[in-house]
Amino acid sequence: MLVGLAGTVLPALPGIPLMFVGMVLAAWAGGFEYVGWGWLVALGILTLLSLGIDLLAASMGAKRVGASRLALAGAVLGTLVGIFFGPLGLFAGPFVGALAGELIQRRDLGQATKVGVGTWFGIVLGTVLKVGLAFAMLGLFAFAWWT
């Protein structure tokens, strides 16, 4: 579950799905006595919601500012490269990638900057929503376990 929690911020890890697998394993280890199938179904629905947020957040931010497909690809690549540069890389990578992709596509610095900021904002908003969902899932799991 802790690796999954880290994965809500690190883009290379499927964070919330890993958390869900950890919760299912913990429920199984407890013989489903503390956390039953009803709770696991609810947690599974929240996991599916997080996957939808992952897919929509960056693309909605990018589409809102008119990003090209190359800018979206650049944001993904920038995010993956950013992992190797710590928190600053994770923060700046999507912006730099989207900016570079849009510059290659349109060669307009003003539009590329707008796309970079829009894409970055979408990714940050998605991450904030996923972290909130992750903590909600942990809270529900803990509540189910101890009640």
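Smallest separation of non-hydrogen atoms from A71 and V115: CB-CG1, 3.6 Å. Scanning both residues, L133 and I16, for their nearest heavy atoms gives CB-CD1, 3.9 Å. Shortest non-hydrogen contact noted between G89 and P94 is O-CD, 4.2 Å.
Transitive grouping of hydrophobic side chains (ILVMFWY, heavy atoms separated by less than 4.5 Å) brings F143 and F20 into a common cluster. Both F135 and L125 are part of a single hydrophobic cluster, where members link through side-chain heavy atoms under 4.5 Å apart. Taking hydrophobic clusters as Ile, Leu, Val, Met, Phe, Trp and Tyr residues chained together by side-chain heavy-atom distances below 4.5 Å, L72 does not share a cluster with V81. A continuous path of hydrophobic side-chain contacts links F95 to V124 [ILVMFWY only; heavy atoms under 4.5 Å]. Using a 4.5 Å cut-off between side-chain heavy atoms of Ile, Leu, Val, Met, Phe, Trp and Tyr, with links allowed through other members, L140 and W145 fall into the same hydrophobic cluster.
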For a quick test of your reading: what N or O donor-acceptor pairs under 3.5 Å do the side chains of residues 22-48 make, sequence neighbours left out?
from: T47; atom 1: OG1; to: L43; atom 2: O; distance (Å): 2.9

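Partners of S68 by side chain to side chain donor-acceptor pair (under 3.5 Å), not counting sequence neighbours, listed by chain and number: E102.
For the atom pair CG (L99) and CG (L109), the distance works out to 6.5 Å, reported to the nearest 0.5 Å. Atoms CG and NZ, from L49 and K130 in turn, are 12.0 Å apart once rounded to the nearest 0.5 Å.
Residue pairs meeting the salt bridge (charged side-chain N to carboxylate O under 4.0 Å, His left out) criterion with at least one member in residues 40-49: none, sequence neighbours excluded.
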Q | From CA spacing to verdict: side-chain contact (heavy atoms from CB on, under 4.5 Å), V65, V117 | A | CA-CA 9 Å; V65 292; V117 169; over 6 Å; no
